[in-house]
Structures are given as structure tokens and as C-alpha cells.
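Given the structure is predicted, the values throughout are model-derived calculations rather than measurements. If you read the sequence from its start, that first residue is 1, and numbering goes on from there.
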Amino acid sequence: MKDSIDSLAADILASECVSARHFADRAEALWRDGQNEIRGLRTELEKAKTRSKMKDRKISELERQIANLKKIVFGAKADRNPNKDQLQKGDGPSDQSVRGHTANSATPNSGNDLHGHRQTPRRLAQRNRNGRGKREFTKYLERFEIYMGTTDKKCPCGCGGSIRGYDINETLEMVPARYYVAVRKYPKYRCRAADKVVGTPFIPRIFPQTTMSNGFLANVIFMRFGAQLPWYRQEGLLKASGIDLNRSTLMTWSNRIAIQALQPVYELLLRELLHNSARLFMDETTIPMLTPGKGRTITSHLIAIHRDDRSFGGNLPPIVAYVPSKTRAMYKIHQLLSGCTAIVQTDAYAGYGQLGREGTDVEGIVNPKCWAHTRRHFTDEYKRNKTEDARIVIELIAELYAEELKIRGKPPFVRKAHRQKYSAPVIARLKAFLEECSGRHLTKGGMAKAISYAQKLWSDLVLFVDDGRIDLDTNPVERMFKPSILLRKNALFMGSDEGAEAWGILSSIVETCKLNGVNVELYLNWVLDQIAAKLPRSEYDKLLPWNAPQEFLVGR
């Protein structure tokens, strides 16, 4: 193009036209103007392309956030291998490695009951896919034999034939809850020796000034914190039986029992957790709290500290303690764990970032991180973009869980040896793969963030290889939030600081009872009887759930 302009200018100058120089200068000017305009358009085009890329990245990020929010609101809460269907068809690792990510869950053959307790396996009758076939009820249920024949036990036709056997038919029955008023008559005696009238002592009750028994109050607490029924629903159930009790009355009694009677038991639970445990789990969730006089709620927190040593064959009783708090800041976590010397497994929340740091009051803590949270970033990326590298990482983590399934419940030294032999090579492969693929993904993309998350926590993630007491994830404590989340959904919010304190105390005792296979209502009734009878505080240790009488145990 420039050569053509130069040729044109030379031709114009070679002509004998008077205005030749003028035309040549105009041609040169047009060329310069055209070049400047082209450069300007190219600059604008590059800017437009940059803006378009930025908008595409923003759209992609917003779509990812929307997908994550939809998953939180509508999706399954537990992580699943997104490539499971293909893997089951033989397009990937073995089924064992696919199932590995659920190694910390109770399985039908793991010897765990519904609450996760170890018990002797009991062979039940085989049933088909439709649930048909003979069902066997547990031997711990009461059985009442009901004779269904003639009164004289003779043949109904009148021939006089006797019984030669029975056809046995078992059905599950229930007796509906029945409320009644116990009218106790305490006699008064004329004592001749003392020359006065002597009365019979009343049985002790936790609140003598009320007309409610310890058993009724135990039922109210269990229905609230064990069956997640809010006060207004209990009020409706009582009204259906002809009992007019206001929900505020039920709440007041519950709070008083928690703070005035059961708080020492709760403090013993916390002390046992923090001073006599080798390994703990810790996590937190949010619960709205009503702000008095403002008609709105603020965000409060419920912190859970959980001990469950059954994964490494420990014999200490499982415990969970809930601590209500208006903040989950680092100082609150350090305040709770001050002086504790144990393994405390957590997620990657920044409030746990200083656990184990020298010079702090929590320097005696070892703080492994959670592989389930690490895997979640890769599963989200694979579901969103079908990233092949994310699928490979998920499969490698599944191999770790498959190895854990083989050693669940074994002693720590067995778990350590197995991990060093079988899990350590998987860890090495995973680390090398993360380093290999970290450079081929956009810095702000989901895959790059997932890789960065894993690499940042790597030293804490691999602590489990050299310590058989450490689990791969914090799923045990996350499961402990299910009852509180259900109650949060039903009750909507906590009404006051006193209500939050009662929530923590009563939830801790109820869920610890469940973990130890103790009937909650029987236990609470027994504890309230013992406290009402003025049991000395020095003997409160025997009131802890795992020290309850044997007849309170369920399914043992």
C-alpha cells in the first residue's frame, strides 16, 4: 500500500501539472491519516477484546457462584464422586476406590448401629429389593404373647381335640403417648411417742413449686432437643390431649433446668473433652438469635467439639459439646482450647490458623486439616466445567479413602504402618500431579483455586500418614450438627442469651446420650431425680451419660 502511494506521488510530480506538488502532499497526508485511524481502531479492538475476556471471566465466576449457591440450597450436602456412574461401568479405578470417599461413614457390614456404635453383627433375614420378605425385629424389643385360640384350648368344632402347635405371627405395635395426673397420698400419722402429727416426706422434684414431674420435664427436653420439635408444636400436641400449657412456660422450665440443674454436668463434659482426649474434632455453624426490642435477628454461632475414638479403636466414650457464641473469632477459639494438648482436626477456617503455634496458649495442639473440604473444591470444578485434571485428583483422593476403609477401627500403630506403605505413594503421586497441572489453568479459575487450596494446606493434610489417630476428614463433627440444623429450621431462631446457653447445654447432653446408646428420656429423668435428691457436686461424675445404669442402654 505504501509503495502504491509513493508511485502515485512520483507520477504526480513527473506530470507537468501546476498543482502536482499539492496533490502529492495531499496523498501523503491521506496515507498518514489512514495509518493513524487503523492504529486507533486496532487499539480499540484490543481494548474491546480485553473487556470481553474480563466480562467472560466475570460471567463464569458468577455462574460458578450461582451453581455453588444452588448446591447449598437445593443440592446434596454430602460430596459424591461426580464420575461415579462412569467408574461403575469400568471406565476408571476399581469400585473399591470409588467407594473410598465414604470410608468414614457407617456401612451395613461395619458393625455400627444407627448411632455409629460398635456392636456384635447380627444376621438378619434376607429381604428382596422391594422390601418384601420375612422381617426380624431386634431381640431388645419387649414381646407380649397373645393367645388367639378358643378359651378352653380345644378344637372350635366341639370334637374335643387339643392344641398341637402354633402358627406364630409377629407385628410391631405401639401404645400412644398418654398423659395422666398422679395423685400421691402422703399419710400423716399421730405419733404417740412424740405426741405430734408426723407427715410422710414428699418425693424430691427438681422444681417442687410446680405441678410438673421430673419425667414430664425430661420428655419436654427430649422432644425439643432430641426430636427437634419447637415449643409451639409441643404446645399443640399437649393441647390435643386436653392440656393447656403455654409455649413460653415450656421454654422457661427448659432454660431453668439447663442453667440451674444441668450446667455442672455440661461443665464436666467439657472438662473431660479438653483434658482427657487424644484427638478432637471442631467445627461451627450459624444460628440466628433474636435481638430484644428490635424485631430482627443477628447471626450467632454454635461451636461443636467432638470426641470419637472408635475409628482408631479407642475405648474412651464419645462426647459432643456445643458452645454457643456470638462470634467465631480466633480469640474465642483460643479461649475454648486454652491449655489443651491434643490433636484437633478442623477445616481451613482462618480462626484455626494459629493452633499449635509456639508462644500461644494453644501451642500444645496438632491441627490436621480436612481432605473432604479439599476434595470439595475439585468436585465443584468438575461438575461445573468437566475439567479432566479435577477428575484425576478426585480419583487419587478416592484411593486414599479406599485405603482408609481397610483400616477403620484398627489400632493407631496398624493404621500408621498401612498408611506409610499404601497411602504415602498415593500422596506422592497426587502432589506431583498438582505441581504438574498448576501452570496450565487460569490463575483466577476454579481449578487453580482448588490446587492452591490443597498446596497451601499440604503439610497439614498429610499429617495423617505418620499418626494413626488422625482421620482423613472432619465428617464426624459435621454429622453432629444435623440435629441443631433441623431444630434451627423448625424453631427459626434462639430467643435470648439464656436460650442460647440452654441450647448448648441440653443439646450436648442429649447428643452425648445418643452417641453412647443411652435412652435420653430415662437418663434425664434419672439425672433430675438425683439432682433433686441433693446429690453432692463431688459425685456428679456418676451422672455423665456413659455412667448411666445399664437398663437405660438402647440396643445393647
Side-chain angles (χ1 to χ4, degrees), residues 1-75 79 81-83 86 91-92 348 350 353 373-397 429-458:
M1 182 68 178
K2 184 67 168 60
D3 292 340
S4 300
I5 294 293
D6 290 341
S7 300
L8 177 60
D11 293 341
I12 293 173
L13 290 174
S15 66
E16 295 180 356
C17 179
V18 177
S19 304
R21 170 56 60 183
H22 172 69
F23 290 137
D25 292 342
R26 286 186 60 189
E28 289 286 345
L30 286 173
W31 164 252
R32 288 192 298 271
D33 291 344
Q35 288 297 104
N36 291 336
E37 187 175 354
I38 290 171
R39 281 194 293 270
L41 290 174
R42 285 176 177 171
T43 302
E44 291 297 325
L45 179 60
E46 291 300 322
K47 290 181 180 179
K49 287 181 178 180
T50 302
R51 287 195 297 268
S52 177
K53 289 180 180 179
M54 293 175 62
K55 288 180 179 179
D56 288 343
R57 283 198 296 268
K58 186 65 175 177
I59 290 171
S60 178
E61 176 66 17
L62 292 174
E63 287 178 344
R64 186 183 64 82
Q65 293 178 9
I66 291 171
N68 288 340
L69 291 173
K70 284 184 176 180
K71 178 187 174 185
I72 292 171
V73 177
F74 305 110
D79 281 335
N81 191 328
N83 209 25
Q86 296 180 11
D91 296 334
H373 285 79
T374 303
R375 180 183 58 200
R376 189 171 302 160
H377 292 278
F378 293 100
T379 56
D380 289 345
E381 171 64 17
Y382 185 79
K383 289 176 182 177
R384 178 72 183 88
N385 297 317
K386 301 300 179 186
T387 306
E388 179 63 16
D389 287 345
R391 185 185 67 81
I392 295 173
V393 173
I394 294 167
E395 291 177 1
L396 289 170
I397 296 176
R429 287 160 47 206
L430 178 56
K431 182 179 181 180
F433 182 75
L434 291 176
E435 292 174 352
E436 173 193 340
C437 67
S438 60
R440 56 176 180 253
H441 296 280
L442 294 175
T443 305
K444 295 186 177 180
M447 185 63 188
K449 290 180 179 179
I451 295 171
S452 175
Y453 181 95
Q455 290 178 332
K456 180 180 178 182
L457 302 176
W458 191 258

Between CD of E46 and OG1 of T50, what distance do you get to the nearest 0.5 Å?
6.5 Å
Sidechain-backbone polar pair: S52 side chain, A48 backbone, donor-acceptor under 3.5 Å
no
Separation between CH2 (W458) and CD (E435), nearest 0.5 Å, reads 8.5 Å
Interatomic distance, CD@Q35 vs CG@D33, rounded to 0.5 Å, equals 10.5 Å
Atom pair NZ (K53) and CG (L442), whose distance is rounded to the nearest 0.5 Å
10.0 Å
Taken to the nearest 0.5 Å, the spacing of I394 CD1 from D389 CG works out to 11.0 Å
Before accepting this row, confirm whether a basic side-chain N of the pair E381/R384 lies closer than 4.0 Å to the acidic partner's carboxylate O.
no
Does the S60 side chain pair with the main chain of D56, one donor and one acceptor, at a distance under 3.5 Å?
no
If you draw a 6.0 Å radius around CZ in R42, do more than 12 non-hydrogen atoms from other residues or ligands fall strictly inside?
no
Other residues, nucleotides and ligands only: do more than 12 of their heavy atoms fall within 6.0 Å of CD on E436?
yes
Do the side chains of R391 and E395 get close enough for a salt bridge, i.e. N-O under 4.0 angstrom?
yes
Can you confirm whether more than 12 heavy atoms, excluding those of K449, are under 6.0 Å from its NZ atom?
yes
How long is the gap from CD1 on I451 to OG1 on T374, to the nearest 0.5 Å?
12.5 Å
Nearest atoms (heavy-atom pairs only) where A390 meets F378
CB-O, 3.6 Å
